[in-house]
Amino acid sequence: MENNFSLSKDRQKLIERLENEGYIESERVKQAFLNVPREEFIPENKIKEAYADIPLNIGKSQTISAPHIIAVITELLDISKDDKVLEIGTGSGYHLAITAELAKKVYSIEIHRELAKKAKKTLNKIGYKNIEIEVGDGSLGLPENSPYDKIYFTCAAPEIPQNIIDQLSNTGKIVAPIGIGNQQTLYVLKKENGKIDKKPKMGVRFVPLKGEKGF
Ligand code: SAH
């Protein structure tokens with residue numbers, strides 16, 4: 001009990017910091033971060049670092065992103081409670097849980113079967129019902145459930161694949177890290193009545209997207 005109490009205090013402190021640093025801007029995103037227990041998504045031996053603003057290893061050479069970068073992507077996506085969202089790269093499922101707090105439905109694709117299985121188990125335990133996780137190559141998207149209101153990548157692609165842009169609704173938005181190694185930029189792509197507007201936001205560092213349209 002004491003442990004849980006101190007973890008929830010740590011969570012509040014981290015969220016205050018993310019607000020003060022300008023990463024969390026809206027009340028809805030703040031509430032989502034307050035609701036999701038990050039400690040459930042990381043290996044037990046790293047529990048003490050659950051609320052440090054750093055990326056952590058989750059196995060298979062993959063990482064759970066630092067909370068501030070998840071906050072940036074979440075604020076940029078501006079997810080409404082009616083949105084259908086596609087996530088590419090489930091990883092631990094933490095970012096997916098944050099999105100599930102805000103959206104109507106979230107589909108997520110993970111290339112590593114074991115990571116997908118573990119994420120499903122964690123998310124079921126917490127009780128999310130508006131999530132579907134598929135094992136596969138996310139660079140191909142999930143056309144059967146398209147169009148999506150919002151799409152985001154948690155791994156860096158050489159460019160935003162056209163087939164993913166095709167799966168976005170006519171007023172949708174994509175947030176994706178683009179580039180190689182430590183030369184990546186977070187892009188926001190907006191579709192407005194068929195027209196596409198793509199803008200760079202900031203330098204970032206993500207694990208690479210694998211698969212057909214990846215590295
Ligand atoms: N946001 C996640 C972190 C994801 S790390 C979290 O909160 O934990 C990026 C993930 O993308 C890794 O799990 C990696 O296995 C996955 N990935 C890489 N290439 C992929 C692809 N082509 N399709 C689906 N997932 C992919």
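These values consider heavy atoms only, across backbone and side chains, with no hydrogens, waters or symmetry-generated copies.
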> Inspect the surroundings of NZ in K198 and state if more than 12 heavy atoms from other residues, nucleotides or ligands are less than 6.0 Å away.
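Yes, the 6.0 Å shell around NZ holds more than 12 heavy atoms from other groups.
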
> Between D197 and K195, does any NZ, NE, NH1 or NH2 come within less than 4.0 Å of an OD or OE carboxylate oxygen?
no

> Hey, could you give me the CD1/OH distance between I126 and Y94, rounded to the nearest 0.5 Å?
10.0 Å

> Using only heavy-atom distances, determine whether the side chains of K118 and H112 contain a donor-acceptor pair under 3.5 Å.
no

> Quick one: do S80 and D82 satisfy side-chain hydrogen bond (donor to acceptor under 3.5 Å, both in side chains)? Show the steps, please.
CA-CA 5 Å; S80 87; D82 297 320; 4.7 Å; no

> Does K60 have more than 12 heavy atoms from other residues, nucleotides or ligands lying within 6.0 Å of its NZ?
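Not more than 12 within 6.0 Å, no.
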
> Is the shortest side-chain N to carboxylate O distance from E132 to K105 below 4.0 Å?
yes

> Indicate, with yes or no, if I131 and Y107 share a hydrophobic cluster defined by side-chain heavy-atom contacts under 4.5 Å among Ile, Leu, Val, Met, Phe, Trp and Tyr.
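Cluster IDs for Y107 and I131 differ.
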
> Mind checking what makes ring-ring contact (aromatic ring centres under 6.0 Å, His included) contact with F33, not counting sequence neighbours?
none

> Where do S169 and K191 land on the side-chain contact (heavy atoms from CB on, under 4.5 Å) test, with the steps shown first?
CA-CA 8 Å; S169 82; K191 236 190 218 179; over 6 Å; no

> I need the L142 CG to I109 CD1 distance, nearest 0.5 Å.
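L142 CG to I109 CD1: 4.5 Å, rounded to 0.5 Å.
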
> Are the side chain of E110 and the backbone N or O of A116 linked by a donor-acceptor pair below 3.5 Å?
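No; zero donor-acceptor contacts below 3.5 Å.
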
> Are V175 and I165 connected, step by step, through hydrophobic side chains (Ile, Leu, Val, Met, Phe, Trp, Tyr) whose heavy atoms are closer than 4.5 Å?
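No, because V175 and I165 fall into different hydrophobic clusters, even though each may have its own neighbours under 4.5 Å.
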
> Please check this pair: side chain of K30 against backbone of I15, looking for a donor-acceptor N/O pair closer than 3.5 Å.
no

> What are the two closest heavy atoms between I164 and I88, and how far apart are they?
CD1-CD1, 3.7 Å

> Output the distance between atom CD1 (I73) and atom NE2 (H68), rounded to the nearest 0.5 Å.
10.0 Å

> Could you see if I58 belongs to whatever hydrophobic cluster contains L96? Use Ile, Leu, Val, Met, Phe, Trp, Tyr and a side-chain cutoff under 4.5 Å.
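Yes, because I58 and L96 connect within a single hydrophobic cluster, where side-chain heavy atoms sit under 4.5 Å apart.
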
> Would you check if K173 and D83 make a side-chain contact, meaning some heavy-atom pair closer than 4.5 Å?
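SC-SC contact between K173 and D83 ruled out.
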
> Counting heavy atoms not belonging to E21, are there more than 12 under 6.0 Å from its CD?
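For E21, atom CD is crowded (more than 12 foreign heavy atoms under 6.0 Å).
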
> Any link between L140 and L209 through a network of hydrophobic side chains (Ile, Leu, Val, Met, Phe, Trp, Tyr) touching at under 4.5 Å?
no

> State the OG1-CG distance between T63 and L56, to the nearest 0.5 angstrom.
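Rounded to the nearest 0.5 Å, the OG1-CG separation comes out at 8.5 Å.
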
> Starting at CZ of R38, measure out to CD1 of I64 and round the result to the nearest 0.5 Å.
4.5 Å

> Determine the minimum heavy-atom distance between R28 and E101, stating which atoms define it.
NH2-O, 4.5 Å

> Are the side chains of T185 and I178 in touch, meaning some heavy atoms are under 4.5 Å apart?
no

> M202 and I69: which non-hydrogen atoms are nearest, and at how many Å?
CE-CD1, 4.2 Å

> How close do V85 and A103 get, counting heavy atoms only, and between which atoms?
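Closest approach of V85 to A103, heavy atoms only: CG2-CB, 3.7 Å.
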
> Answer yes if the side chains of Q162 and D166 hold a donor-acceptor pair under 3.5 Å, and no otherwise.
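The criterion, which ignores hydrogens and geometry beyond distance, is satisfied for D166 and Q162.
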
> Go through the steps to decide whether I133 and L123 satisfy the test side-chain contact (heavy atoms from CB on, under 4.5 Å), and finish with yes or no.
CA-CA 10 Å; I133 299 175; L123 292 158; 3.8 Å; yes

> Any idea which heavy atoms bring G179 and A156 closest together, and the distance?
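Distance-wise, the nearest heavy atoms are O-CB, 3.8 Å.
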
> Just checking, is any N or O donor in the side chain of Q167 or N163 under 3.5 Å from an acceptor N or O on the other one?
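There is no such pair between these side chains.
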
> For residues 39-46, tabulate all N or O donor-acceptor pairs below 3.5 Å that involve a side-chain atom, not counting sequence neighbours.
from : atom 1 : to   : atom 2 : distance (Å)
E39  : OE1    : Y51  : OH     : 2.4
E39  : OE2    : R11  : NH2    : 3.3
E40  : OE1    : K125 : NZ     : 2.8

> If you count the non-hydrogen atoms of other residues, nucleotides and ligands that lie under 6.0 Å from CD in E114, is the total more than 12?
no

> Does a sphere of radius 6.0 Å around CD1 in I180 hold more than 12 heavy atoms from other residues, nucleotides or ligands, not counting ones at 6.0 Å or beyond?
no

> Closer than 3.5 angstrom, by distance alone: can the side chain of K150 be matched with the main-chain N or O of L77 as a donor-acceptor pair?
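Checked: pair present.
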
> Write out all pairs satisfying ring pair (Phe, Tyr, Trp, His ring centres under 6.0 Å) with one or both partners inside residues 150-195, taking only residues at least two apart or from two chains.
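For residues 150-195, and leaving out neighbouring residues, the ring pair (Phe, Tyr, Trp, His ring centres under 6.0 Å) pairs sorted by first residue read H95-Y152.
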
> Which pair of heavy atoms, one from P177 and one from L186, lies closest together, and at what distance?
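Nearest heavy atoms, P177 then L186: N-CD1, 3.7 Å.
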
> State plainly whether one hydrophobic cluster holds both L115 and I111, where clusters connect Ile, Leu, Val, Met, Phe, Trp and Tyr through side-chain heavy atoms under 4.5 angstrom apart.
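Different clusters.
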
> May I ask you to decide if A66's main-chain N or O and D53's side chain share a donor-acceptor pair within less than 3.5 Å?
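No, D53 side chain to A66 backbone: no donor-acceptor pair under 3.5 Å.
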
> Atom CD1 of I160 and atom CD1 of I151: how far apart are they, to the nearest 0.5 Å?
9.5 Å

